[in-house]
Peer 1: 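Mind having a look at this structure? Questions to follow.
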Amino acid sequence: MPRPATSGRYRVDRIGSHEARVRRRRWPWITPLVIVGGIGIIAGVFGVQAITVQHDLLTAKSELSSLGHYVKSGDSAKIDAVGDNVLKLTRDANSTVRGPLWQMASGIPLVGQNVDAVRRATEATSILAEGALPAGVKLLSSLRIDKMSVSGGGVDLEPIEKAATSLPEINAAFASAKTKLDGVDRASLLPFVDSAIGSLFDVMDQAGPVLKDVQHYLPTLLKVAGADGPRTYMLIFQNNAESRATGGLPAATAIVNVDNGHLKLQEQTSTFTFPRDRQVIFPPEQTQSIYEADTFKGFGNFSRTPNFPTTGEAFAALWHNTTGGELDGVISLDPVVLSHMLEVTGPIKTADGRKLTSDNVVEALLYDAYIRYKGNTNQDAFFSDVAARVFLKLSSGDWDITKMLDQLGASVSEHRLYAWFPREAEQNMAVEMKMDGTMTVDNKKATEVGIYINDAAYSKLEFFMKTSMNVTCDVAKRTVTTSLTIANSVPMTGLTSYQLGIRNKRYQIPREDFVQDIMFSAPPGAEITKMDPEQGDAWDGRRSGVENGHEAQVVRIFVPHEQTRTVSFTVKLPKGQLGPLLARTTPTVTTTPVSIAPTCAPLFTAP
């Protein structure tokens, strides 16, 4: 029978299939080549896009780096132009990484997580540019740093108050951008990828918390600066040449008035300005028993306690008793803090033409003053002159605020800069900034051991003192031993009678020897089980009591010329979980090395 008829289309399809089969047999590499070629083209396009994204982001980074110069010069037009350019660059980069090629590349094994990290970083950068940059440009444009100083000293608060309105928007953008980066595992990225986007993580980790803090603290800081009305503060200058628990004898003070950012040095005082025969505050009897009887009477002894709020309250009470006025805060610093400040402001000249710098101001105040100027009146005049000139230098505003904040931060970490405020919100701010100097009341956030020096010779010899602190632990016995080593390098000649120990004659020892009350405070709930030396060198210096829940013991020791003494205290820790170990001691003229043995780690939770 004849074959059934077939349609032309069927025949064509068969012919076409046949030819295709023939071509595949003759050139079997055509199809893979097409695939490889397609992949190559896609990879090439992706590579071009990646280079474009990199160029846009690096250019944006370069543009942003110029902002600091324009902010300092107050060039609002240039600040706005930088903002516009960065917005365009980041929008272009973000548009690219949101395309299909980047979505597809993110799914490729091994390579994908790196592509995804770049995509997320670009999107986060875009969020910051869209959400934070406009508000940031507005903030920077209003903060005309070159115009913020006011005549007579102080800061113009109006632009700061205006700038504050931008902070919520900036912080919201940072929070949103952070969610984009939270899914990135930096440990799994290729080194060159992590290096390329690492700066963004650094910005988020460093700038984010700072901006939150600024938004949180700024309303309170504005009040402290007198935005709601005039304020009166007392600055006290602790003299480390005569040791006290929080630094030294408060040899001089300055009363500063602040009104809407305007600063005025009202008056300067010394230990001889105020009466010394009237107790100004009345801590619990078990706290008063730790200290000599005149501690809460005499201006120069209020800093014997390591609990700075007690010191602040004493000065506020003294001011009220003497003048009838009220202080809005007490701020304490020592000559080492002044040296940190002069690193930023530059030197000052004294009335007698000397140039005081960050390198020589400590020696000038704590040693030279007693050699050059005879008598309390002349010495107080010198101290007052230096304080006034530093105040004028600071209030001029002619210095780098960022560098100054760094130096003040260093002073706080060294326990040389303290602040106390009677208002709750302001005191809470001091606590959060770690400027309060408050002894802990429990062991939840920190387990605090403290060993402090109070000069008992009535001397200026501690200018020649060096100290070191050592903490060791016995995990099995659950004990902690805290030791302070003190070295005396007082010269045998060249000192004035005022610098040498006045009380030394009572003990029939050379006037170059240290006579010091060493006070130890145990963590709350801990029991002091051992002291070395047990009784000290003088029976009249042996005292004990409790302060802020800390059991305390005091021994009086002598440290002869060119000799070293070590005083140790051992405590039995309370039961239960303990916060990180915090070791406090008296800030001296030099830095005190603090060593905490690794054996202590098992007793305390990690910070």
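What you see is a predicted model; the values in this text were computed from it and never measured.
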Peer 1: Should Tyr233 and Leu327 count as side-chain neighbours, where that means a heavy-atom distance under 4.5 Å?
Peer 2: no
Peer 1: Atom OG1 in Thr447, atom CG in Leu573: separation rounded to 0.5 Å?
Peer 2: 7.5 Å
Peer 1: Among side-chain atoms of Ser411 and Arg416, is any donor-acceptor pair under 3.5 angstrom?
Peer 2: no
Peer 1: So for atom NZ, which belongs to Lys374, do other residues, nucleotides or ligands contribute more than 12 heavy atoms lying within a distance under 6.0 Å?
Peer 2: yes
Peer 1: Could you go step by step and tell me if Phe299 and Thr273 meet the side-chain contact (heavy atoms from CB on, under 4.5 Å) rule?
Peer 2: CA-CA 9 Å; Phe299 174 106; Thr273 305; over 6 Å; no
Peer 1: Return yes if some donor-acceptor pair links the side-chain N/O of Gln379 with the main-chain N/O of Tyr373 below 3.5 Å, else return no.
Peer 2: yes
Peer 1: Met519 and side-chain contact (heavy atoms from CB on, under 4.5 Å): which partner among Val567, Ile290, Ile451, Thr586?
Peer 2: Ile290
Peer 1: I'd like to know if Arg542 and Asp517 make a salt bridge, using a cut-off of under 4.0 Å between side-chain N and carboxylate O.
Peer 2: no
Peer 1: Going by an N to O cut-off under 4.0 Å, is there a salt bridge joining Lys297 and Glu292?
Peer 2: no
Peer 1: Just so I know, are the side chains of Val449 and Leu582 near enough to count as touching, which here means a heavy-atom distance under 4.5 Å?
Peer 2: no
Peer 1: Establish, yes or no, whether a centroid distance under 6.0 Å links the rings of Phe302 and Phe315.
Peer 2: yes
Peer 1: Can you measure from OG1 (Thr496) to CZ (Arg372) and round to the nearest 0.5 angstrom?
Peer 2: 14.0 Å
Peer 1: Tyr507 and Phe558: aromatic ring centres closer than 6.0 Å?
Peer 2: yes
Peer 1: Is the side chain of Trp399 donor-acceptor paired with the backbone N or O of Leu394 at a distance under 3.5 Å, no angle test?
Peer 2: yes
Peer 1: Find out whether Val559 and Asp513 are in side-chain contact, i.e. whether some heavy atom of one side chain is under 4.5 Å from a heavy atom of the other.
Peer 2: no
Peer 1: Can you confirm whether more than 12 heavy atoms, excluding those of Arg278, are under 6.0 Å from its CZ atom?
Peer 2: no
Peer 1: Output the distance between atom OG (Ser459) and atom CD (Gln499), rounded to the nearest 0.5 Å.
Peer 2: 9.5 Å
Peer 1: Is it true that the side chains of Gln288 and Gln279 contain a donor and an acceptor less than 3.5 Å apart?
Peer 2: yes
Peer 1: Check whether Asp259 reaches the backbone of His262 with its side chain - one donor and one acceptor, N or O, closer than 3.5 Å.
Peer 2: no
Peer 1: Quick check: does any side chain N or O of Asn257 sit under 3.5 Å from a backbone N or O of Gln266, one acting as donor and the other as acceptor?
Peer 2: no
Peer 1: Test side chain to side chain donor-acceptor pair (under 3.5 Å) on Thr440 and His550; report intermediate values, then the result.
Peer 2: CA-CA 8 Å; Thr440 58; His550 296 252; 3.2 Å; yes
Peer 1: With a 4.5 Å limit on heavy-atom distance, are the side chains of Val337 and Ser339 in contact?
Peer 2: no
Peer 1: Do Asn307 and Thr305 meet the criterion of a side-chain donor-acceptor pair at a distance under 3.5 Å?
Peer 2: no
Peer 1: What's the separation between atom OH in Tyr452 and atom OG1 in Thr246, rounded to the nearest 0.5 Å?
Peer 2: 9.5 Å
Peer 1: Using 30° and 60° as the class limits, which term best fits the ring planes of Tyr291 and Phe296: parallel, tilted or perpendicular?
Peer 2: perpendicular
Peer 1: So, the side chain of Gln427 versus the backbone of Phe421: is there a donor-acceptor pair under 3.5 Å, distance only?
Peer 2: yes
Peer 1: Using atom types as modelled and distance alone, determine if a side-chain donor or acceptor of Thr287 lies under 3.5 Å from a backbone N or O of Pro283.
Peer 2: no
Peer 1: Donor-acceptor pair, Arg565 side chain versus Thr485 backbone, under 3.5 Å?
Peer 2: no
Peer 1: Test your reading of the model: is there a side-chain donor-acceptor pair from Ser332 to the backbone of Leu417, 3.5 Å cut-off?
Peer 2: no
Peer 1: Is it the case that the side chain of Ser384 and the backbone of Ala381 share a donor-acceptor pair, with hydrogens and angles ignored and the cut-off at 3.5 Å?
Peer 2: no
Peer 1: With side-chain contact (heavy atoms from CB on, under 4.5 Å) as the test, pick out the partner of Ile557 among Val515, Leu484, Ile486, Ile453.
Peer 2: Ile486
Peer 1: Hey, would you say the Phe464 and Tyr367 ring centroids sit under 6.0 Å apart?
Peer 2: yes
Peer 1: Using only heavy-atom distances, determine whether the side chains of Thr467 and Thr592 contain a donor-acceptor pair under 3.5 Å.
Peer 2: yes
Peer 1: Please round to the nearest 0.5 Å and tell me the distance separating atom CD of Glu267 and atom OG1 of Thr323.
Peer 2: 8.0 Å
Peer 1: When you check the gap from the basic side-chain N to the acidic O, do Lys460 and Glu462 get nearer than 4.0 Å?
Peer 2: no
Peer 1: Using modelled atom types and a 3.5 Å cut-off, is there a donor and acceptor pairing between side-chain atoms of Ser289 and backbone atoms of Gln286?
Peer 2: yes
Peer 1: I want to check a possible cation-pi pair here: Arg503 against Tyr458, using under 6.0 Å from ring centre and within 45° of the ring axis as the test.
Peer 2: yes
